[in-house]
Amino acid sequence: TERVWAAGAEMLARTKTAQSHLLMDQATSPVAPTGDPAPGADNSITVLYKWTAFPGRMDALVEEYHGVMDQMNATEPNATAAFMYESPTENAIYVRDEFKDLGAMAYHLQNTASGHLQGLFQMAKPGPFLFFGDVPEEVQQSPDMKALGAEFVPSPYGFAR
(Lines give C-alpha, C1' and ligand atoms only; values in the text may rest on other atoms or scores of the structure.)
Protein backbone atom coordinates (compact mmCIF):
# COMPACT_ATOMS: atom_id res chain seq x y z
CA THR A 1 0.00 0.00 0.00
CA GLU A 2 2.75 2.47 0.92
CA ARG A 3 4.64 1.73 -2.31
CA VAL A 4 1.54 2.39 -4.41
CA TRP A 5 0.82 5.60 -2.48
CA ALA A 6 4.44 6.79 -2.88
CA ALA A 7 4.31 6.11 -6.62
CA GLY A 8 0.99 7.95 -6.80
CA ALA A 9 2.33 10.95 -4.90
CA GLU A 10 5.35 11.11 -7.21
CA MET A 11 3.09 10.89 -10.26
CA LEU A 12 0.87 13.66 -8.88
CA ALA A 13 3.92 15.90 -8.50
CA ARG A 14 4.81 15.41 -12.20
CA THR A 15 1.25 15.90 -13.49
CA LYS A 16 1.44 19.69 -14.02
CA THR A 17 4.10 19.43 -16.77
CA ALA A 18 2.18 16.80 -18.75
CA GLN A 19 -1.01 18.85 -18.45
CA SER A 20 0.60 21.98 -19.84
CA HIS A 21 1.81 19.95 -22.84
CA LEU A 22 -1.73 18.65 -23.38
CA LEU A 23 -3.14 22.16 -23.32
CA MET A 24 -0.52 23.47 -25.77
CA ASP A 25 -1.16 20.54 -28.13
CA GLN A 26 -4.89 21.19 -28.00
CA ALA A 27 -4.34 24.72 -29.27
CA THR A 28 -3.12 23.29 -32.58
CA SER A 29 -5.79 20.60 -33.06
CA PRO A 30 -8.26 20.88 -35.98
CA VAL A 31 -11.22 22.81 -34.58
CA ALA A 32 -13.66 24.89 -36.58
CA PRO A 33 -14.31 28.51 -35.47
CA THR A 34 -17.56 27.37 -33.82
CA GLY A 35 -15.59 25.10 -31.47
CA ASP A 36 -16.91 21.99 -33.22
CA PRO A 37 -14.47 19.47 -34.69
CA ALA A 38 -13.42 20.32 -38.23
CA PRO A 39 -15.03 18.13 -40.90
CA GLY A 40 -13.46 14.68 -40.83
CA ALA A 41 -11.76 15.18 -37.47
CA ASP A 42 -12.93 13.51 -34.28
CA ASN A 43 -11.08 15.01 -31.36
CA SER A 44 -12.91 13.08 -28.62
CA ILE A 45 -11.02 11.08 -26.01
CA THR A 46 -12.53 8.16 -24.08
CA VAL A 47 -10.72 6.72 -21.07
CA LEU A 48 -11.64 3.37 -19.51
CA TYR A 49 -9.92 2.40 -16.29
CA LYS A 50 -10.04 0.36 -13.12
CA TRP A 51 -9.27 1.05 -9.48
CA THR A 52 -8.94 -2.05 -7.24
CA ALA A 53 -9.69 -1.21 -3.62
CA PHE A 54 -7.33 -2.26 -0.86
CA PRO A 55 -8.98 -4.59 1.70
CA GLY A 56 -11.73 -2.81 3.61
CA ARG A 57 -11.56 0.31 1.40
CA MET A 58 -14.25 -0.39 -1.25
CA ASP A 59 -16.91 1.81 0.35
CA ALA A 60 -14.44 4.69 0.71
CA LEU A 61 -13.34 4.25 -2.92
CA VAL A 62 -16.94 4.40 -4.17
CA GLU A 63 -17.64 7.46 -2.02
CA GLU A 64 -14.49 9.22 -3.28
CA TYR A 65 -15.44 8.48 -6.87
CA HIS A 66 -18.92 9.86 -6.35
CA GLY A 67 -17.12 13.09 -5.39
CA VAL A 68 -15.04 12.96 -8.60
CA MET A 69 -18.17 12.45 -10.71
CA ASP A 70 -20.10 15.21 -8.94
CA GLN A 71 -17.22 17.64 -9.42
CA MET A 72 -16.88 16.70 -13.11
CA ASN A 73 -20.59 17.22 -13.67
CA ALA A 74 -20.56 20.62 -11.96
CA THR A 75 -17.34 22.07 -13.37
CA GLU A 76 -16.38 20.32 -16.63
CA PRO A 77 -18.80 21.16 -19.47
CA ASN A 78 -16.52 19.44 -22.01
CA ALA A 79 -16.53 16.17 -20.10
CA THR A 80 -19.35 14.70 -22.16
CA ALA A 81 -19.97 11.57 -20.06
CA ALA A 82 -18.69 9.81 -16.96
CA PHE A 83 -19.83 6.47 -15.58
CA MET A 84 -18.67 4.35 -12.66
CA TYR A 85 -19.42 0.63 -12.46
CA GLU A 86 -18.99 -1.15 -9.13
CA SER A 87 -17.73 -4.72 -9.01
CA PRO A 88 -18.03 -6.01 -5.44
CA THR A 89 -16.77 -9.46 -6.48
CA GLU A 90 -13.51 -7.89 -7.74
CA ASN A 91 -13.44 -5.25 -4.99
CA ALA A 92 -13.02 -2.70 -7.78
CA ILE A 93 -14.63 0.08 -9.74
CA TYR A 94 -14.49 0.52 -13.49
CA VAL A 95 -14.77 4.04 -14.86
CA ARG A 96 -15.53 5.44 -18.31
CA ASP A 97 -14.78 9.12 -18.91
CA GLU A 98 -15.53 10.81 -22.23
CA PHE A 99 -14.07 14.17 -23.20
CA LYS A 100 -14.93 16.45 -26.12
CA ASP A 101 -11.24 16.83 -26.93
CA LEU A 102 -7.70 16.73 -25.58
CA GLY A 103 -8.12 20.12 -23.90
CA ALA A 104 -11.12 18.82 -21.95
CA MET A 105 -9.11 15.81 -20.78
CA ALA A 106 -6.21 18.09 -19.75
CA TYR A 107 -8.63 20.32 -17.86
CA HIS A 108 -9.97 17.26 -16.02
CA LEU A 109 -6.49 16.05 -15.08
CA GLN A 110 -5.42 19.48 -13.84
CA ASN A 111 -8.58 20.56 -12.04
CA THR A 112 -10.51 17.50 -10.89
CA ALA A 113 -8.28 14.43 -10.94
CA SER A 114 -5.34 16.18 -9.29
CA GLY A 115 -7.50 16.97 -6.26
CA HIS A 116 -8.53 13.34 -5.77
CA LEU A 117 -5.48 11.29 -6.78
CA GLN A 118 -3.71 11.36 -3.43
CA GLY A 119 -6.78 9.99 -1.67
CA LEU A 120 -7.39 7.41 -4.40
CA PHE A 121 -3.82 6.10 -4.19
CA GLN A 122 -4.29 5.61 -0.44
CA MET A 123 -7.35 3.40 -0.95
CA ALA A 124 -6.84 1.59 -4.26
CA LYS A 125 -4.44 0.29 -6.87
CA PRO A 126 -4.83 1.99 -10.27
CA GLY A 127 -4.96 0.40 -13.67
CA PRO A 128 -5.08 -0.50 -16.32
CA PHE A 129 -5.97 2.78 -18.04
CA LEU A 130 -7.08 2.58 -21.69
CA PHE A 131 -7.12 5.78 -23.77
CA PHE A 132 -9.15 5.83 -27.00
CA GLY A 133 -8.48 8.77 -29.30
CA ASP A 134 -5.49 10.73 -30.51
CA VAL A 135 -3.19 11.37 -27.56
CA PRO A 136 0.19 12.97 -28.38
CA GLU A 137 3.18 10.63 -28.37
CA GLU A 138 5.02 12.63 -25.68
CA VAL A 139 2.06 12.19 -23.34
CA GLN A 140 1.89 8.47 -24.14
CA GLN A 141 5.57 8.05 -23.28
CA SER A 142 5.40 10.01 -20.00
CA PRO A 143 6.38 8.21 -16.79
CA ASP A 144 2.92 8.98 -15.41
CA MET A 145 1.18 7.05 -18.16
CA LYS A 146 3.62 4.16 -17.84
CA ALA A 147 2.99 4.05 -14.07
CA LEU A 148 -0.75 3.73 -14.74
CA GLY A 149 -0.21 0.90 -17.20
CA ALA A 150 -1.78 3.15 -19.84
CA GLU A 151 -2.51 1.81 -23.30
CA PHE A 152 -3.42 4.02 -26.27
CA VAL A 153 -5.64 3.29 -29.25
CA PRO A 154 -6.16 5.91 -32.00
CA SER A 155 -9.56 6.99 -33.29
CA PRO A 156 -11.96 4.10 -33.94
CA TYR A 157 -14.00 3.01 -36.89
CA GLY A 158 -17.69 2.61 -36.12
CA PHE A 159 -20.89 4.50 -35.46
CA ALA A 160 -23.08 5.77 -32.65
CA ARG A 161 -26.81 6.36 -32.64
Side-chain angles (χ1 to χ4, degrees), residues 1-16 18-19 22-23 26 37 42-136 139-161:
T1 302
E2 287 183 24
R3 233 178 16 181
V4 171
W5 184 85
E10 182 180 322
M11 186 174 82
L12 183 60
R14 292 191 311 263
T15 300
K16 295 286 184 197
Q19 292 158 353
L22 282 171
L23 290 170
Q26 180 56 31
D42 179 6
N43 295 326
S44 67
I45 304 285
T46 298
V47 187
L48 303 174
Y49 52 98
K50 178 181 182 180
W51 287 93
T52 303
F54 297 133
R57 302 292 291 174
M58 182 66 173
D59 290 341
L61 176 61
V62 168
E63 184 177 326
E64 182 75 18
Y65 235 85
H66 283 179
V68 172
M69 298 273 176
D70 290 345
Q71 185 177 350
M72 286 178 75
N73 189 36
T75 64
E76 297 184 37
N78 291 322
T80 57
F83 298 95
M84 178 186 69
Y85 306 87
E86 295 178 46
S87 177
T89 58
E90 294 185 34
N91 203 39
I93 61 171
Y94 292 86
V95 181
R96 183 180 94 207
D97 294 336
E98 297 180 16
F99 302 99
K100 179 180 176 185
D101 54 30
L102 196 57
M105 185 179 82
Y107 182 89
H108 169 74
L109 293 172
Q110 188 172 17
N111 295 286
T112 302
S114 64
H116 293 271
L117 279 176
Q118 187 172 7
L120 289 166
F121 280 113
Q122 291 177 352
M123 60 186 77
K125 177 184 174 196
F129 279 65
L130 307 172
F131 290 78
F132 298 93
D134 293 322
V135 176
V139 175
Q140 292 183 31
Q141 297 304 319
S142 75
D144 297 344
M145 294 300 176
K146 291 187 183 301
L148 291 173
E151 296 179 29
F152 300 89
V153 179
S155 298
Y157 172 80
F159 68 93
R161 297 194 197 272

* Give, for atom NE2 of H108 and atom CE of M72, the distance between the pair rounded to the nearest 0.5 Å. => 4.5 Å
* Asked: Hey, what do you get for NZ (K125) to CG (N91), rounding to the nearest 0.5 Å?
  -> 13.0 Å
* **Gap separating the CG atom of L130 from the CG atom of L148, nearest 0.5 angstrom** => 11.0 Å
* To do: Please name the pair of heavy atoms, one in M58 and one in A92, separated by the smallest distance, quoted to 0.1 Å.
  => CE-O, 3.1 Å
* Provide the closest heavy-atom pair for S87 versus Y94 in the form atom of the first, atom of the second, distance. => CB-CE1, 4.0 Å
* Student check: side-chain heavy atoms of D97 and M105 closer than 4.5 Å -> no
* To do: Could you tell me whether the side chain of L102 reaches within less than 4.5 Å of the side chain of D134, counting heavy atoms only?
  => no
* Sole candidate of F129, F83, Y85, F132 that passes ring pair (Phe, Tyr, Trp, His ring centres under 6.0 Å) when paired with Y49 -> F129
* Asked: Under 3.5 Å, side chain of Q71 to main-chain N/O of N111, donor-acceptor pair present?
  -> yes
* Could you tell me whether the side chain of V62 reaches within less than 4.5 Å of the side chain of I93, counting heavy atoms only? => yes
* Mind checking whether F131 and Q140 have side chains closer than 4.5 Å, heavy atoms only? -> no
* For E90, which residues count as a salt bridge (Lys or Arg N to Asp or Glu O under 4.0 Å) partner, sequence neighbours excluded? -> K50
* What distance separates M123 CE from E64 CD, expressed to the nearest 0.5 Å? -> 4.5 Å
* Does a side-chain heavy-atom distance below 4.5 Å link L120 with Y65? -> yes
* Does the side chain of W51 reach to within under 4.5 Å of the side chain of F121, using non-hydrogen atoms? -> yes
* Asked: Do I45 and V135 come within less than 4.5 Å of each other through their side chains, counting heavy atoms only?
  -> yes
* Asked: Rounded to the nearest 0.5 Å, how far apart are NE2 of H66 and CD of E63?
  -> 9.0 Å
* Of all residues at least two apart in sequence or in a different chain, which pass the salt bridge (Lys or Arg N to Asp or Glu O under 4.0 Å) check with E98? -> R96
* To do: Taking all heavy atoms of D101 and all of A104, pick out the closest pair and write down the distance.
  => OD1-N, 2.9 Å
* Asked: For the atom pair CD (E86) and CG (L61), what is the distance rounded to the nearest 0.5 Å?
  -> 8.5 Å
* Minimum-distance pair of heavy atoms, taken over all atoms of Q122 and F54 -> O-CD1, 3.6 Å
